[in-house]
Amino acid sequence: MASTTQGKHVTDSALQILKTLPRVSLSNTTALDGPQIKKSRRGHGHTRGKKSGRGHKGQGQHGGVPRIGFEGGQTPFYMIIPKHPYYRGHQYRRGYPPLTLGRLQYLIDLGRIDPTEPIDAQTLTNCKGVDLNPSRREFGVHLTAEGAETFKAKVNIEVQRVSESVISAVERNGGLISSSFYDLESLTILSKPLAFFRRGVPIPSRKLPPDDLIDLYTDPEQRGYLADLENILEARRALAEKHGYKFADLDNELYEKMMARRKDRRQIFFGLQPGWIVNMQDRVVLKPRDEELLRYYSRK
């Protein structure tokens, strides 16, 4: 009697397990372990007989296939094209996708960009104003002067390449512009922040520019982010006198607020410092407390 009850219990347990399992189909079944016998398909040449898979006669059957790029004796393509010095090292050059002032004004008029908030590469990427691909060695945005005569917005914008006409067009309206450097890792994080935040790793520090770009980003006339603020103020005043528009004084409360919202030289995101972790699941920001970590991420 006990064995019958025990056997019924085992049967009921097995049935309960089967109820929770999916239906048996080809998608969830596998072959048994052991050697698999491949079915032999009879036919002429089923064992690579006759021509042995080389076809009929000629170069391919006789084994005399020339190297890749051989064109039968004539001068090959890669020797016909001349070597222009302009293309030397082109694979190492830095790319800067252009964005015109007219396009920027258009995005602001559509409401895709809020001119009261700081604008950087992340903002321009999210609003589809420019397509940044760091894998193609694109290091940021080049703001061009096309449409400068119709640009009327007052903005606080950060780009990577500017010209004097672009700077005057922005500062004529009382705006603020700066040119800053992003390494490829920082620019990848900035252009795709959600993918980075989901990894749950600390925000790294932005690297300083290489030696060949130090002069550019320390130049106050280019509004470099490493330049001294007093020198930038003098360059703003000189540019206003040169182009004949009113200079925005630093005593202006709005201008002081815009200057205070600039990024630090090691900062990637506005409002987020290096070393912080953004938890997307709990919607919280974790800040380091260890003194050694604070000293590491606060270095200039």
Side-chain angles (χ1 to χ4, degrees), residues 95-134 138-183 186-194 196-197 203 206 209 216-217 220 222-227 229 232 235-236 239 248 250 252-274 278:
Y96 298 90
L99 175 68
T100 66
L101 286 173
R103 174 70 174 172
L104 179 61
Q105 182 67 54
Y106 174 73
L107 295 172
I108 293 174
D109 295 340
L110 286 181
R112 295 186 183 180
I113 295 179
D114 185 5
T116 61
E117 296 294 330
I119 302 171
D120 60 352
Q122 179 187 1
T123 308
L124 299 175
T125 304
N126 292 342
C127 71
K128 307 300 181 183
V130 66
D131 182 21
L132 280 179
N133 190 352
E138 294 177 353
F139 281 77
V141 182
H142 182 192
L143 192 61
T144 62
E146 184 179 350
E149 62 279 357
T150 59
F151 186 75
K152 303 299 180 184
K154 180 187 293 186
V155 294
N156 181 6
I157 187 170
E158 175 195 73
V159 291
Q160 283 62 58
R161 285 297 178 93
V162 291
S163 61
E164 181 179 310
S165 55
V166 172
I167 296 173
S168 63
V170 173
E171 295 181 350
R172 180 184 289 109
N173 301 327
L176 181 67
I177 185 171
S178 62
S179 59
S180 61
F181 172 79
Y182 286 89
D183 57 281
S186 301
L187 194 62
T188 303
I189 295 172
L190 188 66
S191 59
K192 297 180 179 179
L194 292 180
F196 172 76
F197 292 152
I203 300 174
R206 186 178 11 156
L216 174 65
Y217 292 113
Q222 292 290 325
R223 305 300 185 264
Y225 75 116
L226 299 178
L229 291 180
I232 292 178
R236 285 175 60 92
L239 189 63
L250 267 179
N252 191 324
E253 182 179 355
L254 178 61
Y255 185 76
E256 290 182 353
K257 183 179 179 181
M258 294 172 67
M259 291 290 290
R261 299 186 69 179
R262 293 181 59 181
K263 290 182 184 179
D264 183 74
R265 63 183 63 185
R266 292 286 189 175
Q267 192 176 355
I268 297 179
F269 297 100
F270 284 110
L272 296 175
Q273 297 295 332
V278 179

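FYI, side chains are in, hydrogens and waters are out, and symmetry mates aren't considered; it's all heavy atoms of this structure. We number each residue from 1, following the sequence as shown.
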Separation of Ser191 OG from Asp131 CG (nearest 0.5 Å): 9.0 Å

Ile108 CD1 to Leu101 CG distance, which is reported to the nearest 0.5 Å: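 Going from CD1 on Ile108 over to CG on Leu101, the span is 9.5 Å.
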
Name of the residue among Leu124, Thr125, Thr188 meeting side-chain contact (heavy atoms from CB on, under 4.5 Å) with Leu132: Thr125

With the side chain counted from C-beta on, respond yes when [X] and [Y] share a heavy-atom pair under 4.5 Å apart, and no when they do not.
X: Val159; Y: Leu99; value: no
X: Tyr182; Y: Phe139; value: no
X: Ile157; Y: Leu104; value: yes
X: Phe197; Y: Leu272; value: yes
X: Arg265; Y: Arg206; value: no
X: Gln122; Y: Ile268; value: no
X: Ile167; Y: Leu239; value: yes
X: Leu176; Y: Arg236; value: yes

Measure from the side-chain N and O atoms of [X] to the backbone N and O of [Y], and report whether any donor-acceptor pair falls under 3.5 Å.
X: Asp264; Y: Arg266; answer: yes
X: Gln105; Y: Lys152; answer: yes
X: Asn173; Y: Phe151; answer: yes
X: Gln160; Y: Val141; answer: yes
X: Arg223; Y: Pro220; answer: yes

Pair Phe196 + Phe269: ring centers closer than 6.0 Å: no

Worked check of side chain to side chain contact (heavy atoms under 4.5 Å, CB included) between Arg161 and Leu216: CA-CA 9 Å; Arg161 285 297 178 93; Leu216 174 65; 3.4 Å; yes

Test side chain to side chain contact (heavy atoms under 4.5 Å, CB included) applied to Tyr225 and Ser179, step by step: CA-CA 6 Å; Tyr225 75 116; Ser179 59; 5.9 Å; no

Worked verdict on Ile189 versus Ile203 for side chain to side chain contact (heavy atoms under 4.5 Å, CB included): CA-CA 9 Å; Ile189 295 172; Ile203 300 174; 5.5 Å; no

Any side-chain donor near an acceptor of the partner, Asn126 and Thr123, under 3.5 Å: no

Residues Ser178 and Ser180: side-chain donor-acceptor under 3.5 angstrom: no

Minimal non-hydrogen separation, [X] against [Y], with atom names:
X: Tyr217; Y: Pro209; answer: CD1-CB, 4.0 Å
X: Glu171; Y: Ile177; answer: OE2-CG2, 4.2 Å
X: Pro98; Y: Thr144; answer: CB-CG2, 4.1 Å
X: Gly129; Y: Leu107; answer: CA-CD1, 3.5 Å

SB check Arg262 Glu158 (cutoff 4.0 Å):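 Salt bridge between Arg262 and Glu158, a charged N being under 4.0 Å from a carboxylate O: no.
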
Glu146, CD atom: more than 12 neighbouring heavy atoms under 6.0 Å: no

Face-on cation placement of Lys263 at Phe270 ring, 6.0 Å and 45° thresholds: yes

